[in-house]
Amino acid sequence: METLKQPLTLSEIPAAVNDALGSVPFVDVHTHTFDAAFGSLLLWGLDELLTYHYLAAELFRARRDLSYDAYWAMSKTAQADLIWQELFIQRSPLSEACRGVLTVLSKLGLDSNTADLAPLRAWFKTQTPQGYINTVLKLAGVRKLYMTNDPLDPLERPVWEKGFDRDPRFEGVLRLDSALMNWPAPVPGLKALGYDVEEALSGRTLAEIRRYLNDWCARIRARYTAISLPPTFRYPSQDSAVTLLLAKCVFPVCRERGIPSAMMIGVKKLVNPHLRLAGDSVGKSEIETVEKIALDFPDVRFWITMLARENMHELCIAARKFGNVIPFGCWWFLNNPSLIEEITAMRLETLGLSFVPQHSDARVLDQLIYKWDHSRRVIGPVLARKYADLAATGWQVTGAAIRRDVEALLGREVL
Ligand code: RAT
Ligand code: ZN
């Protein structure tokens, strides 16, 4: 421990950063994985990994002749076999999503140099969900992860209603897209759950939505609420239902409950509906909207991530102006090494340690392994360069300080 307090030489800094990144257990603030109690909603294993929607999109680029209907009609195993053939055997798997599968296999001690997936599938068959969760979290160096929970999902809701022993490593997050987006589309679903809402956004309807938010935040013990928003999202707005619902329902409820409101801004849903989950795209959003929200709701903490690279610099600057704006993660199409590197350096330079560098967005449990491995490999050198810059001024950088900072960035719940 004493050695941690010794000033490091320049050449010792990279190893000290890697030590800290490798030994501080991380908190993953945005995933799509589930507590094992959710049964089939918890996706894991080789076929889920290979049919991840990022890879499905890449398959259709490799196989322009493949019809969407033909692919979606295939069994998951057949889809996985096809993706393996096309994206790994026929051509080198250079994309980040392909590389991710190989990292997972390698970290699990499995040999990916095979044309036939049967031996790999056989290994996964020997795993149990609970045992595999332990293995994956250990390999990923993650101690806690946040789910994406949707009470309007007919498969998910009954599990919450029935109740189960919570795995303390899986935290609840109330996802709001299905309850608030495309109003009045959510009306029947909310009514079916017993909320007396109507299409007109009357005082009664807004009160009922607040009741929905409060009930479900309480039931799932939501650590924050989250919504993904299009690039056209504006605040203030005369005619946007979602803007009104956020301002009159979500922000006040988050304020009362003392939880952050996360907004993930910049997704264009289903530009190619044939691709299903893989069919969403990106657009540039308006930073003034974030600034005005932060100004009007100073007592609400806003976790903000944006999907367009073009918005990343101005988001850092907005966060400098508003302490209640916390940039988080390199979201979805930004979760690539070259972009993580650029974004992390920019955030450190503009915000010091007051942001959350990364989340995994893992949809398949196993992806925690690669997403965090790849992020560590990028964040490590970026951080090491920053400490080297400090050391070059004569500032004494110690292993203890690096560890403290890594804890602040990735090891703590920034609620
Ligand atoms: O990254 C993804 O898997 C996307 O499909 C989305 O889930 C996105 O992260 C979101 O939370 O909307
Ligand atoms: Zn996500």
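One-based numbering, in listed order, for ligands and for the atoms of each. FYI, side chains are in, hydrogens and waters are out, and symmetry mates aren't considered; it's all heavy atoms of this structure. Keep in mind that this is a model prediction, so the values were computed, not measured.
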Worksheet item: Is the gap between the ring centers of Phe34 and Trp44 under 6.0 Å?
Response: no
Worksheet item: Which protein heavy atom lies closest to atom 6 (C) of ligand 1, and at what distance to 0.1 Å?
Response: Arg363 NH2, 3.5 Å
Practice prompt. Would you mind listing which atoms of ligand 1 come within a distance below 4.0 Å of any non-hydrogen atom of His30?
Written response: 9 (O), 11 (O)
Practice prompt. Look at ligand 1 and say whether Leu277 reaches it with a heavy atom at a distance under 4.0 Å.
Written response: no
Worksheet entry | Close side-chain approach of Phe233 to Glu286, heavy-atom, < 4.5 Å | no
Discussion item. Whether Lys268 and Asp280 form a salt bridge (side-chain N of Lys/Arg under 4.0 Å from carboxylate O of Asp/Glu) is what I want to check.
Written reply: no
Discussion item. To check your reading of the model: name the closest protein heavy atom to atom 1 (O) of ligand 1, its residue, and the distance in Å.
Written reply: Tyr54 OH, 2.8 Å
Discussion item. Heavy atoms only: which of Gln367, Met264, Arg175 lies closest to atom 12 (O) of ligand 1?
Written reply: Arg175
Practice prompt. Could you tell me whether Tyr146 and Phe170 have their ring centroids closer than 6.0 angstrom?
Written response: no
Discussion item. Under 2.8 Å from the Zn ion (ligand 2), can any N, O or S atom of His359 be found?
Written reply: no
Practice prompt. For this output row, return yes or no: ring centroids of Phe302 and Phe322 closer than 6.0 angstrom.
Written response: no
Worksheet item: Between Lys269 and ligand 1, does any nitrogen or oxygen pair lie at a separation below 3.5 Å?
Response: no
Practice prompt. Kindly report the NE2-the Zn ion (ligand 2)-OD1 angle for His30 and Asp361 respectively, rounded to 10°.
Written response: 90°
Fill in: Sub-4.5 Å side-chain heavy-atom contact between Glu208 and Leu190
no
Fill in: Derivation of the salt bridge (Lys or Arg N to Asp or Glu O under 4.0 Å) call for Lys292 and Glu288
CA-CA 6 Å; Lys292 287 177 195 152; Glu288 288 75 14; over 6 Å; no
Worksheet item: Any idea which protein heavy atom is nearest atom 5 (O) of ligand 1, and the distance to it?
Response: His53 NE2, 2.9 Å
